[in-house]
Amino acid sequence: MAGPVSADSASGVPESASGVADSASGVADASALAFTSKSWKCSKPTGKKFKIKNSSPNERWTRLSYTNPCNHKWYVRVYYKNSGGVVFSYPFTVKKNSKGTKTFKPRPAWLIKVEASKKRP
C-alpha cells in the first residue's frame with residue numbers, strides 16, 4: 001500500500017523523489033510535478049523497452065498504462081504529493097510480457113516521478 005516518504009528537513013520534499021523543490025518556499029512547482037511517460041531498456045530481449053505513461057482521462061484519479069515486452073518482472077514505485085504537501089509512494093509489480101493499466105486515487109497533477117527496477121526494492 002501507499003506510505004509516506006521521509007522528507008528532507010530543509011524543504012519538506014524528499015530530494016530523491018522530486019528534485020524540483022523551490023528552496024525559498026519549500027513548495028514544488030506544480031507544472032514540474034506532472035508525469036507523462038518514461039521507458040527503460042530490457043535485459044532480454046535486447047532492443048525492447050518497458051514503457052509506462054500517464055493515460056488519465058480526467059482530473060479526479062490517475063491511470064498509468066504500461067507495456068512490458070521484457071522476459072522479466074519490473075518493480076515500479078510511483079511518487080506523488082497530496083494536497084497537504086505530504087509525499088507518498090505507491091509500489092506495484094508488472095509481470096513479464098504483459099500490458100495493462102494501474103488506477104489509483106491521486107490526481108495526475110500530483111504525480112512527482114515513477115521509478116522502475118528489475119530487483120525488488
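Along the sequence shown, residues carry numbers from 1.
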> Let me see the working for Y66 and V76 under side-chain contact (heavy atoms from CB on, under 4.5 Å), right down to the final yes or no.
CA-CA 10 Å; Y66 57 84; V76 179; over 6 Å; no
> Fit a plane to each ring of F104 and Y80, take the angle between them on a 0 to 90° scale, and name the class: parallel (under 30°), tilted (30 to 60°) or perpendicular (over 60°).
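Taking Y80 first and then F104, their aromatic rings sit tilted (interplane angle of 30° to 60°).
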> Enumerate the residue pairs fulfilling disulfide (SG to SG under 2.5 Å) with a member in residues 88-121, sequence neighbours excluded, ordered by first and then second residue.
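Those involving residues 88-121 do not exist here.
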> Which heavy-atom pair separates S65 from S55 by the least distance, and what is that distance?
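Of all heavy-atom pairs spanning S65 and S55, the closest is OG-OG, 2.6 Å.
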> Could you report the tightest heavy-atom contact between K95 and N68, atom names first, then the distance?
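It is O-ND2, 2.9 Å.
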> Would you compute the distance between atom CH2 of W110 and atom NZ of K105 and round it to the nearest 0.5 angstrom?
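Going from the CH2 atom of W110 to the NZ atom of K105 covers 8.5 Å.
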> Just verifying a value: how many Å separate K73 NZ and N97 CG, rounded to the nearest 0.5 Å?
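One gets 13.0 Å once the value is rounded to the nearest 0.5 Å.
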> So does K118 have more than 12 non-hydrogen atoms from other groups sitting under 6.0 Å from NZ?
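Atom NZ in K118 is crowded, with more than 12 foreign heavy atoms closer than 6.0 Å.
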> Work out which heavy atom in F50 is nearest to a heavy atom in T67; give both atom names and the distance.
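Between these two residues, the closest heavy atoms are CD1-O, 3.3 Å.
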> For the hydrophobic clusters of this structure (ILVMFWY residues joined by side-chain heavy atoms under 4.5 Å, transitively), does one cluster hold both I112 and W61?
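Each belongs to a different hydrophobic cluster.
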> With the 4.5 Å side-chain cut-off for hydrophobic clustering, are V114 and F88 part of the same group?
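Per the 4.5 Å side-chain linkage, V114 and F88 are co-clustered.
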> What pairs of residues pass the disulfide (SG to SG under 2.5 Å) test when at least one of them lies in residues 42-101, not counting sequence neighbours?
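Output for this query lists C42-C70.
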> Rounded to the nearest 0.5 Å, what separation is found between the OH atom of Y90 and the OG1 atom of T62?
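Between Y90 OH and T62 OG1, I get 11.0 Å after rounding to 0.5 Å.
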> Supply the atom-to-atom distance T101 OG1 to L64 CG, rounded to the nearest 0.5 angstrom.
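T101 atom OG1 to L64 atom CG measures 9.0 Å (nearest 0.5 Å).
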> So, using side chain to side chain donor-acceptor pair (under 3.5 Å) as the criterion, who are the partners of R77 when residues are at least two apart?
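For R77, the residues satisfying side chain to side chain donor-acceptor pair (under 3.5 Å) (neighbours in sequence not counted) are S89.
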> Drop me the distance from R120's CZ to Y75's OH, to the nearest 0.5 angstrom.
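R120 CZ to Y75 OH: 4.5 Å, rounded to 0.5 Å.
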> Rounded to the nearest 0.5 Å, what separates atom NZ in K53 from atom OG1 in T36?
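Going from the NZ atom of K53 to the OG1 atom of T36 covers 10.5 Å.
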